[in-house]
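Worksheet for the structure shown next.
Labels below follow one simple rule: chain letters A, B, ... track the order of the sequence lines, proteins then strands, and each chain is numbered from 1.
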Amino acid sequence: MLNSSELVETYRERYDEMWREFGRLEKLAVNRLKEKGCCVHIADGATEAASIVQGIVGAESVVKSHSATVTEININTVLSDIRETEISEYIAQLEGNNAISGFRGDVAAASQILNERYGSLPIKDLSILVRQDIRRIMTNCRCGITGINAIVAETGSLFFFETQGNVRGIANLADVHIAVAGIDKIVETTDDALLVGRFLADQCLHKSVGNYLSFNTGPSQTGDVEGVLVKGMHGPREVHVVLLDNGRRKALRRRLPEVFACMDCRLCLNDCHAFATSKGRYGSPRIGGKGALLAYFATGDSSGMEECSNCGNCARTCPLGISWPDVFERAGQSKKEWISMEHEQSSKRLQQEVMTPGWCTSCGMCVGICPYIKNYKESSAFIHQCQLDEGNCYAVCPRGETAWSQMDQKIFGRSREDHALGNFENLYFARATDKMFAEKGQYAGVTSALLGYAINKGQIDGAIVTDGKPGKLPEPKLARTRGDLLAAAGSKYSAAPTLSLLNQAAKEGFNRLAVVGRPCQVLAVKKMQSLTDKREELPVEKVALTIGLFCFWSLTADFYQFLLQKTNNEEIQSLDIPVDGMVVKTNKGEYKWPIDEIRSFIRPTCEQCFDPTSEFADVSVGATEFDNNWNTLIVRTDRGKELVKNAVSEGVLEVKEYPHDRIPLLRQAVLNKKQRVLKQTSGGDSVPSYLMLNEAYRKGVLEGGN
Amino acid sequence: MSIANVKLEAPGKKVMLTGNEAVARGAIEAGMKYAASYPGSPTSEVLQILASATSQFGLYAEWSSNEKVASEAAAAASFAGVRSLTILKPDGMNVALDFLTSLAYSGVNAGMVIMVGDDPSAHSSIKEEDSRHLSKLSRLPILEPVNSQEAKDLTTKAFELSEALKLPVVVRLVTRVCHATSLVSLGDTEHIKEPVKAAYTEPILCFPQAHPELEQKIRKIAQWASEQHMWEYLGPKDASSLVIASGPCTLYAKEALEVLGLHNEVAVLSLKMTWPLPEDDLVNLLKDKKEIIFAEEIDPFIEENITSFAAYHAEDLGVFKFYGKRNGYIKSPLGAGIGELNTDIMIDSLAEIKGLGRPDFCGRTANCLGSVGGSLPERDRAFCPGCPHRASYWALKSALALEGNDGFVLGDIGCYAMGRGRTGYYTVKSVHSMGSGIGIAHGFGTLQKFDFTQPIIAVVGDSTFYHAVIPALVNAKHNNGKFLCVILDNSTTAMTGHQPHPGSSLDARGIEVPALNMEEIISGLDINVVVTDPYDINTTRDMVLELLPQPGPKVLILRRECSLVVSKKEKPRRVSVDQEKCVGKDCGCNNLCSRAFGCPANIIDLETGKGRIDEALCVGCGVCASLCPAGAITVEEGV
């Protein structure tokens, strides 16, 4: 028989083999489970898993054993009558507490609770009554919920390891058995499952084998009597297996197999500082480092990881030596590792996570750096597979995975306090003193004036801007002179792949470019500039200034068709969207439509946008929604501050304090949008990967505070 | 192999000729004066040769716009008393069939021969089709030569037979006979130089009442075949086993029997006329035979006719043991009836039939190929360097990806059919017959009622346009099928060897003629037509995207001369890759020019991973330079 260290070694080796083949094993397991008559449910997130269970149970009472995964899906919130069968959870329930990790009082406290329920009796007698009650509960419920210790892919068997016997009790007595497990519980063979059992017995009980080891394969059935198949003979008639992802796949993609190797022995919690100081709630709903990590991958909530005190005790107590602080670092906190992960499967992820779901913002960044991505009007697509395992396109995509707190750290060196407007230094009303800019610009010509100033001063040698006549699809343009800037001035209401010019301009020898763009375009540029890896392939050092525009949405190209029809093909001279709707001036007159009429042309990806004010730009420029002679100007970075200061002192720009009574209006407008986006994606299941917010950021937006 | 040999006026001289050349020579010697054809491999050369000999022998030769027209033109000459020839491949015979089935009923006047080149293994065809079924269906007799000499002799005989019976006669060759070269003894050409006077005096009509007369002719032909000895018996008279073979299979069978040492045991009956059968002779020839083995390409055509014949004569002939394709004894590695036969296959088959071990000796085709095969790299079919089709497909594929609604391309036969493979980025999703892409596209384009929303593009060649596309466009216009027809106009019939077509300014004989203008034809149908240069990929792509959403049929002509024609001219430009600028296999390129675009002239330097130009192959088109993301590829003019 293998001794402890041999068991650890064998287990480690097997796991190392199995997680690399996870895709195959998962498919095999699902097929086998189905073959054996189980209903298999695959849940991406916790909420989905809980509602699957709810759908099976309905309003009935349900018996439940202890399971970290069942806890992870917050089953208590969807089921009305759960009867605990694990002894400490049973006592906790008697206490009137839905404690997620069982009863935590001492023996005296437990006796007191039991005495209240059963009368003052000696412990020996109490235990008989408790036993009878739990038995009675188990036999009286139609449905039962358990976890699973291992799912055998080869045979479609569920493997249970326990000491009390309530798991097998439920799994055999219930008519409908619902077994919930993370996809990490899939192993290849029955030997692997037994290895898990041996390992747990050895490490947790210091025994060579646990009290109860069970393999259940499909619903109970027999054909022994005259060959008639009877289902649910001695055990369940239905077996439901709920396979939960909830961040596990992402962890695997990030090469964090620890999530799969950990088998929830919970030894790491014994000396865990965070667990102790949180009074046993660390990582919740799933307790411990694994819970904290999964919460991050599932919902972007990094608070559990941040709570970790980095003491490293877990690594010393874990039989496998898993160090959760180390895993957390690799998951996102170490810049270097984070970035190299970002380059992996780049084109595949861009296609799957951005293009296929329709989240592409047509910023043009990938089009500019990749010859296989092309753009026509507002749509971008891969025209050929690049077949590289690593690349830049996903890492610079504004709709690719974006950790907002990290972006703040990278660009401003600090987290944000203002969850509406992001990090900034000053907030102004501003206008160009150059009358031409002021007239040609949408309102007060601040963007054109700042660019003109920077060109004159030699601070930039060109500006990537968006050009286009009113009423025509806008196009990217490289502006070099004041004349170019004048021609391109004015708001555009649909997306142009402006950044597609950036790389080309850099290759043509432009060294100090300004980029004027929508918030998504600014984010793309800043993501590129924040890369630590593969920088030499990109025009990282060629962007000297970013001017971000306010953008609450842009319109699809179909809008121009609408415009043509509505204006009877008249020549469109100007386009504006003041507060009350759209105003179009043509050579023959003026047209007005309420905003609702053009709402259907808003690009779906814009409804997902979390950044209406270009939070990572050097300066952000927008309308005032109030006084058309002024722009709103948010100065964010040192670079922006210096530029505005000089432009003002040299008389190019005129600024005045942002009216105090208008600040709450601006902040509320932005918060409304952000909150709408967060609410659309609440629950964590359908969070697009670009919305990776830690809890502080999420709360900050939802609670609207600074 | 020499066209000059075909034109030699030296009776009795023995010269080397291909099967195609021999047919041309045979036709000339038989006094054939009128030839019409549409190019198609393996017989494209025949009309080319005749066209080059028009003045010497007083012939008329034309490339017709399609095979049906060609057959009709040749028939007219025959009606007017001028011996005529039309040259087809099975696909072309399908096109001409509607006319040919009627022509058998009406009959002809002067001798008319239809040469068909079948293509076992489909070396240069869209499918493996056995045209003999079509000839039999049309009630036209079939002659099958073994080699070049016989190709010439049987062609001459075919004219005699045709004229005697007033019925067109088919001479069926297979690719190996068309292209293989062997000695031919030339005949006299003096007698054919007298001027021919064409006149149409008697009406030649097709009507159902002609059927009994036609069947009468078929029975006469069977008799004629016996009288004329349209077969050859080789080997021992008393052999109980007989191989019945036609065409080159006769040679494969003879060689195999010698290799196996069975040539004194097993005889070979080589049929020169495979339909109708020389039934009177066959009764005698098959007497006392016990085993009959069939050797023919493609379908078990003789096999079916002989087994049927034997069943009718079972009382006299007894029961045979048959070995053929039907019971799987004669089979290529891919199966019975699939692919060419050869001596190796016949050796294996005969060894199995005779219960012999299979000899493994040096010199067998498989051994020869095996000894060199290991060192040969696998090569995909690919468009030539600088081929405009490659650029066209890159643009089409890009346009459809950007359009984003699962659009697809329908194709047909031509070089551009390779659009269905790697070299065309797997863009083409359907290939059937000449111009079929347009009819299919029209069908898709009228499915809107059934929620069909995918954009449709059909590609055709310029020669195909004149061959089969115009009626399909007329239909699309009338019924408003929504699709984009892209004409890949490389100004020639490229796949078959650059024959002229109605859009060319030279005819088959090299005489200048006014070229048809396809834009005008299309505009005449009131269909929107745009022309651009496929080398300009971005413009092409944007044009496709602009045209696709427009209602009804639209035509985009992508016009660029075939790069093989260009490569024969002096190379005007030199293309090279700046090794400093080339991104190579890194992100931002990953060898776009060689790996993705895939022009054979774009190669990778394996040591540096960077791109280079194979100057021996490059025709200087510069398309790769326009695609290079690093601007590393430069084109120098006039080098």
* Asked: Between A:Met355, A:His384, A:Lys377, A:Gln504, which residue shows the highest count of heavy-atom pairs closer than 4.5 Å to chain B?
  ->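 Of the options given, most contacts go to A:His384.
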* Do you know which of A:Ser379, A:Cys386, A:Cys393 has the most heavy-atom pairs with chain B at a distance under 4.5 angstrom? ->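 Of the candidates given, the most pairs with chain B belong to A:Cys386.
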So which atom in [X] and which in [Y] form the shortest heavy-atom distance, rounded to 0.1 Å?
| X | Y | result |
| --- | --- | --- |
| B:Ala401 | A:Ala381 | O-CB, 3.3 Å |
| B:Gly588 | A:Pro371 | O-CD, 3.1 Å |
| A:Lys507 | B:Ala630 | NZ-CA, 4.1 Å |
| A:Tyr372 | B:Ala596 | CE2-CB, 3.6 Å |

* Any sub-3.5 Å donor-acceptor pair from B:Arg595's side-chain atoms to A:Gln387's backbone N or O? ->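 No.
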Just wondering, more than 12 heavy atoms not from [X] lying within 6.0 Å of its [atom1]?
| X | atom1 | answer |
| --- | --- | --- |
| B:Lys477 | NZ | yes |
| A:Gln561 | CD | no |
| B:Lys397 | NZ | yes |

* Please look at A:Leu388 and chain B and tell me whether the side chain, the backbone, both or neither of the residue comes under 4.5 angstrom of a heavy atom of that chain. =>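 Both the backbone and the side chain of A:Leu388 come within 4.5 Å of chain B.
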* To do: Please flag which part of A:Asn375 lies under 4.5 Å from any non-hydrogen atom of chain B: side chain, backbone, both or neither.
  =>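 It is the backbone, since no side chain atom gets that close.
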* **Side chain, backbone, both or neither of B:Asn538 within contact of chain A (heavy atoms, under 4.5 Å)** =>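 Interface part for B:Asn538: neither.
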* Asked: With only heavy atoms counted, which part of B:Lys581 is less than 4.5 Å from chain A, the side chain, the backbone, both or neither?
  ->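 Answer is neither: B:Lys581 stays 4.5 Å or more from chain A.
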Does any non-hydrogen side-chain atom of [Y] lie less than 4.5 Å from one of [X]?
| X | Y | value |
| --- | --- | --- |
| A:Ile383 | B:Trp394 | yes |
| B:Glu403 | A:Tyr376 | no |
| B:Arg541 | A:Lys374 | yes |

